[in-house]
There are 2 protein chains.
Amino acid sequence: METSMLDPEEKSKADSRERIIHTTTGLFLEKGFAGTSMSTIAKACDMTKASLYYHFSGKEDLFIACVTHGYATALNALTVIVADTSLTAEQKLRAAITALYETTITSPVGRMSPLIAEVSRAFPKVALSFHTEYIEPQREALWQIVEDGVAKGVFAPVDQNQFFHIAFGPIVTLSLSREMFATFDDLDTYFPVDALRVGHTDVLLGMLRPGT
Amino acid sequence: METSMLDPEEKSKADSRERIIHTTTGLFLEKGFAGTSMSTIAKACDMTKASLYYHFSGKEDLFIACVTHGYATALNALTVIVADTSLTAEQKLRAAITALYETTITSPVGRMSPLIAEVSRAFPKVALSFHTEYIEPQREALWQIVEDGVAKGVFAPVDQNQFFHIAFGPIVTLSLSREMFATFDDLDTYFPVDALRVGHTDVLLGMLRPGT
DNA sequence: GTCTATATCCTGATAGAC
DNA sequence: GTCTATCAGGATATAGAC
């Protein structure tokens, strides 16, 4: 019925949704899940609570939307690197690690990891979605780079779980630490991201170095 | 006044405090800070809310008590290892890493890191105390082992921040992941702590191996 | 699709008896 | 030191007009 009018309405509705998600993500990152009330969200979105409930069925639904929204963007950089045939295995690994630092520390979905831990017991399906739709694809992309290098003989084979442990562990902890100590005035000198990333990459390449 | 009666009263008061702290720590770990109400705490302690407020000035005070309570215990294992003159530098490092896994993953204060991140913006002094009283002593203990080994020529010198990044990163992330995915039924096969610890220790010793 | 107004419940915290 | 009783406020969520 009146399909000609449906498109612009749908578009404006989708725009509102996206605007709400964007604003709310910032609030969640700043104050945590439980620390952010629907009233606060409504005010920040220049709306009333009732309008929020028109777009989202509840606070949990809104949170899931915020988390899920960033998946594709954050994963995109990684998939592009894996598919780039002009790079050597080592170049791919270096680029992938750089991308992981970038997304984990600066992208909303990466910075939201502690929040997901916060709500994971109340909403197990949030943790599950985070795992299957975000963590696993990251691991698979990184592992594909490693396996390609091994197949070409430029990387030594490594245990998958142990490699992931050393590859992702420092990055996630760095992100968590920076969130936890966000009030420190000398955050960047205390956590010098670029220097840590370079040293970390060397360690990973050391694990993969053939010989001995 | 009536000093002879004061001791048992003080003792029972201290016992109550400790019992409350112990019970509440479990609740915070299970449901997060904001997810745990004073009513819930009171019920779990077989008390009324009013009695809780006799022992603690408020929810924040109680939380700080829970976090602070575990510092000494968790740090103790590490200081014992550092002081043990019968061990070689490599043995000390192995023992220290094992102790770090143990305390970070199983001790309340270690498992509470995500909670501290949750409340750090609302209560910056909690994050500050965590840093100066728990994180820094851990780093200092580990660094003393490294420096001793370097002085004796069995370890190669390394950059402090980069070493900490690789040493603590995987452990903290492992703890966070296990909290986040606590609902998984195959938690120990997905995060095989002992195997990851062994591989991690090898990586750290590789960073410290003298000669190129 | 956004509003005003309201329902219902739970929160942290306190007063005062015992 | 623990209780009963209660407060004032804020939480999520909904009803219904426009």
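Letters go in sequence order (proteins before strands), and every chain restarts at 1.
- Between Tyr134(A) and Tyr71(A), the ring planes lie parallel to each other; the angle is under 30°, not in the 30° to 60° tilted range.
- Spacing between atom CZ of Phe56(B) and atom C1' of dG1(D) amounts to 14 Å, rounded to whole angstrom units.
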Inset, instruction - Carefully, step by step, assess Arg121(B) and Glu30(A) under the rule salt bridge (Lys or Arg N to Asp or Glu O under 4.0 Å). - result: CA-CA 8 Å; Arg121(B) 286 202 184 66; Glu30(A) 196 181 338; over 6 Å; no

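- In this model, the phosphate group of dC3(D) is approached by a side-chain N or O of Ser51(B) to a distance below 4.0 Å at OP1 or OP2.
- Taking atom CG on Asp61(B) and atom P on dG12(C), their separation rounds to 14 Å, with Å as the unit.
- Between Ile20(B) atom CD1 and dG1(D) atom C1' there is a gap of 10 Å when expressed in whole angstrom units.
- For the pair Arg19(B) CZ and dG1(D) P, the interatomic distance rounds to 13 Å; values are reported in whole Å.
- Under the 6.0 Å cut-off for aromatic ring centres, Phe33(B) and Phe123(B) qualify, their centroids lying closer than that.
- Taking 4.0 angstrom as the limit, Thr48(A) places a side-chain polar atom (N or O) nearer than this to OP1 or OP2 of dC3(C).
- Between Ser16(A) and dT2(C) there is a side-chain polar atom (N or O) within less than 4.0 angstrom of OP1 or OP2.
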Inset, instruction - Would you mind building the protein contact string for nucleotides 6-18 of chain D? One character per nucleotide, 5' to 3', B for base within reach (heavy atoms under 4.0 Å), S for sugar-phosphate only, - for untouched. - result: -----SBBBB---

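- dT2(C) atom P lies 18 Å from atom NZ of Lys43(A), rounded to whole Å.
- One can place NZ of Lys13(A) at 6 Å from P of dG1(C), the figure rounded to the nearest angstrom.
- If you take OG1 on Thr173(A) and CZ on Phe168(B), they are separated by 10.5 Å, rounding to the nearest 0.5 Å.
- Sorted by first and then second residue, the salt bridge (Lys or Arg N to Asp or Glu O under 4.0 Å) pairs with a member in residues 50-67 of chain A form an empty list; sequence neighbours excluded.
- Residue Tyr54(A) places at least one side-chain N or O closer than 4.0 Å to OP1 or OP2 of dG1(C).
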Inset, instruction - Go through Phe181(A) and Tyr190(A) one step at a time and tell me if the ring pair (Phe, Tyr, Trp, His ring centres under 6.0 Å) criterion holds. - result: CA-CA 10 Å; Phe181(A) 303 122; Tyr190(A) 203 84; 7.4 Å; no

